[in-house]
Visitor: 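Just passing along the structure, written as structure tokens.
Just so it is clear: chains get the letters A, B, ... in the order the sequence lines come, proteins before strands, and each one is counted from 1. Because only heavy atoms are used, hydrogens play no part in the values below, and waters and symmetry mates are left out as well, while side chains stay in.
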Number of protein chains: 2
Amino acid sequence: MGDREGPRPGGRSARVQASVHGAARALLARMDRAQVTIPLIAAEAGVTPSTIYRRWGELHELLADVAVERLRPDMAPADTGSGRGDLLAWAEQYAEEMSSDLGRRMIRDVLAAEGGAGPRRCCGYVAEQIGVIARRALARGEAFPETDAVLDRVVAPIVYRILFDEALGPDRVGDLVATAMAEARRR
Amino acid sequence: MGDREGPRPGGRSARVQASVHGAARALLARMDRAQVTIPLIAAEAGVTPSTIYRRWGELHELLADVAVERLRPDMAPADTGSGRGDLLAWAEQYAEEMSSDLGRRMIRDVLAAEGGAGPRRCCGYVAEQIGVIARRALARGEAFPETDAVLDRVVAPIVYRILFDEALGPDRVGDLVATAMAEARRR
DNA sequence: CTCCAAACGCAAAGAATTTGCGTTAGTCCC
DNA sequence: GGGACTAACGCAAATTCTTTGCGTTTGGAG
């Protein structure tokens with residue numbers, strides 16, 4: 001049940017999904033994003049367009065699917081020795097990755113899809129990473145803010161600025177982390 | 001120069017733009033969003049599809065244009081007698097409007113467009129409203145946080161949750177405002 | 001008043017999307 | 001293991017959307 005949404009692991013569906021995802025990533029890396037179409041992806045993946053249309057419906061849905069996959073963290077946040085250091089390192093890296101052209105585009109792809117599942121999953125990934133940092137900090141006996149507080153004070157401003165204004169620099173991210181950590185005492 | 005990007009006020013271009021915007025709004029209100037297409041909008045507006053394609057390029061650009069228009073505030077924030085009250089009232093209304101289905105969709109439309117002009121303009125609208133509240137507060141001799149601080153502590157969490165998670169209730173919005181107002185003392 | 005540039009309408013060509021039908025692959029139950 | 005069943009796929013035709021060339025109109029400048 002915790003199995004993502006996909007079909008069963010070894011089936012034909014899974015193979016098609018993998019090859020379509022791979023084709024989409026390859027094309028996105030190779031050419032301008034406005035020129036990537038479903039027939040192109042289908043040709044690259046070795047399937048017929050109708051297969052993609054039936055499964056994903058629109059290009060946005062497919063790209064969102066691919067983007068969510070790429071936004072899933074592949075490792076635990078670095079352990080710098082303190083919760084504050086961990087959060088700062090994580091936040092700086094996150095801000096940098098997401099403000100890159102690729103990161104920006106992935107976020108927008110995720111948001112463009114119809115169902116709310118993609119964005120929520122991304123938020124979940126972030127919350128999970130913060131949770132790891134938090135548990136590590138608490139195990140060391142340190143104070144650490146609630147995950148929701150970190151989302152509100154650190155993650156939200158980073159993402160909001162990337163989407164609507166201009167990406168925050170490392171110094172501003174540091175300020176956000178400091179503000180969030182100040183919240184920890186009230187726990 | 002503060003004139004938006006559009007053509008001169010009375011020209012033919014302006015009339016076409018107005019009628020296309022109106023047609024798009026009418027169709028969005030009347031039918032499901034996935035069924036709204038450029039040829040449909042063109043028919044409703046009484047122009048040929050190629051006109052729309054040439055001016056906006058894609059449906060997303062047009063919808064983003066329409067959404068930005070609708071997101072522009074049409075009046076100054078209510079004056080409740082104090083900066084804190086003004087901000088609270090504004091934030092609660094903003095959160096409510098943006099978390100509605102319509103608001104959500106408009107935000108996503110704005111973000112889906114290619115150029116970064118739309119999102120920045122929306123952010124500018126918000127900053128402007130906050131600026132009005134701030135100037136009123138300062139004129140009364142009250143303390144009030146920087147606009148950037150309000151964006152980070154109040155607006156960003158509201159929008160982030162709407163886009164990625166679940167909309168915040170009025171109580172949580174109140175907490176955000178309280179946090180932001182606490183910042184004012186350091187000015 | 002005349003000229004000019006930008007924008008529009010029309011229509012044909014090209015590309016993408018939808019859909020019906022036959023076939024295949026994997027699954028479940030003997 | 002073997003047979004039936006379901007979901008997904010391939011193919012191809014029909015539909016709809018998108019692009020583009022060319023002539024015409026419109027509003028503004030000199």
Side-chain angles (χ1 to χ4, degrees), chain A residues 1 3-24 26-28 30-66 69 109 112-115 117, chain B residues 1 3-24 26-28 30-66 69 109 112-115 117:
Chain A
M1 233 209 252
D3 238 341
R4 306 197 58 260
E5 77 200 350
R8 290 173 191 73
R12 175 172 54 161
S13 276
R15 282 199 304 276
V16 168
Q17 169 166 338
S19 102
V20 170
H21 273 216
L27 287 178
L28 284 176
R30 189 188 319 154
M31 53 176 36
D32 188 45
R33 186 259 162 73
Q35 314 204 348
V36 175
T37 64
I38 286 186
L40 256 181
I41 296 173
E44 175 92 8
V47 301
T48 62
S50 65
T51 295
I52 296 182
Y53 283 116
R54 270 196 261 254
R55 184 182 292 205
W56 282 279
E58 292 187 3
L59 182 59
H60 286 300
E61 300 292 328
L62 170 55
L63 293 184
D65 219 32
V66 172
E69 191 92 357
D109 284 343
E114 284 306 316
Chain B
M1 231 196 254
D3 237 342
R4 308 198 58 259
E5 76 200 352
R8 290 172 191 74
R12 176 173 53 162
S13 275
R15 280 200 305 275
V16 169
Q17 168 164 339
S19 101
V20 169
H21 274 217
L27 287 178
L28 283 175
R30 188 187 321 154
M31 53 176 35
D32 188 45
R33 185 258 162 71
Q35 313 204 351
V36 175
T37 64
I38 287 186
L40 256 181
I41 296 173
E44 175 91 10
V47 301
T48 62
S50 64
T51 295
I52 296 182
Y53 283 116
R54 271 194 260 255
R55 183 183 292 207
W56 282 280
E58 292 187 4
L59 181 60
H60 286 300
E61 301 292 330
L62 169 56
L63 294 184
D65 219 32
V66 172
E69 191 91 358
D109 283 343
E114 285 305 317

Visitor: From the set C:dC8, D:dG10, D:dA7, return the single nucleotide nearest to any side-chain atom of A:Arg12.
Guide: D:dA7
Visitor: Taking CD1 from B:Ile41 and P from D:dC17, how many angstroms apart are they, rounded to a whole number?
Guide: 11 Å
Visitor: Please tell me which of the listed nucleotides, C:dA16, C:dC8, D:dG10, lies nearest to the side chain of B:Val16?
Guide: C:dC8
Visitor: Given atom CD1 of B:Ile38 and atom P of D:dT20, what is their separation to the nearest angstrom?
Guide: 14 Å
Visitor: Does B:Leu62 reach the side chain of B:His21, with side-chain heavy atoms less than 4.5 Å apart?
Guide: yes
Visitor: From CD of B:Gln35 over to C1' of D:dT16, roughly how many Å is that when rounded to an integer?
Guide: 14 Å
Visitor: Taking atom P of D:dT26 as reference, at what distance in whole Å does atom CD of B:Gln17 sit?
Guide: 20 Å
Visitor: Using a 3.5 Å distance criterion without hydrogens, assess whether the side chain of A:Glu61 forms a donor-acceptor pair with backbone atoms of A:Glu114.
Guide: yes
Visitor: Just verifying a value: how many Å separate B:Asp65 CG and B:Glu69 CD, rounded to the nearest 0.5 Å?
Guide: 7.0 Å
Visitor: Does A:Thr48 or B:Glu58 map to a spot on DNA chain D nearer the 5' end, using the closest nucleotide for each?
Guide: A:Thr48
Visitor: May I have the distance from A:Arg15 (atom CZ) to C:dT24 (atom P), rounded to whole angstrom?
Guide: 15 Å
Visitor: Would you indicate which nucleotide in C:dA7, D:dG10, C:dA25 comes nearest to any side-chain atom of B:Ser13?
Guide: C:dA7
Visitor: Please test B:Val20 against B:Trp56 for side chain to side chain contact (heavy atoms under 4.5 Å, CB included), starting from the C-alpha separation and ending with a verdict.
Guide: CA-CA 11 Å; B:Val20 169; B:Trp56 282 280; 3.7 Å; yes
Visitor: Provide, to the nearest angstrom, the distance between the CZ atom belonging to A:Arg55 and the P atom belonging to D:dG10.
Guide: 10 Å
Visitor: Heavy-atom nearest nucleotide on DNA chain C for B:Gly46 versus A:Ser50: which residue maps closer to 5'?
Guide: B:Gly46
Visitor: Would you mind reading off the distance between B:Leu59 atom CG and D:dT19 atom C1', rounded to a whole angstrom?
Guide: 16 Å
Visitor: For B:Thr37 and D:dC17, is the shortest distance between a side-chain N/O and OP1 or OP2 below 4.0 Å?
Guide: yes
Visitor: Could you give the CD1-to-C1' distance, from A:Ile52 to D:dA8, as a whole number of Å?
Guide: 14 Å
Visitor: Between C:dG9, C:dC21, D:dT26, which nucleotide gets closest to the side-chain atoms of A:Arg54?
Guide: C:dC21
Visitor: Rounded to the nearest 0.5 Å, how far does CZ of B:Arg33 lie from CG of B:Leu63?
Guide: 5.0 Å
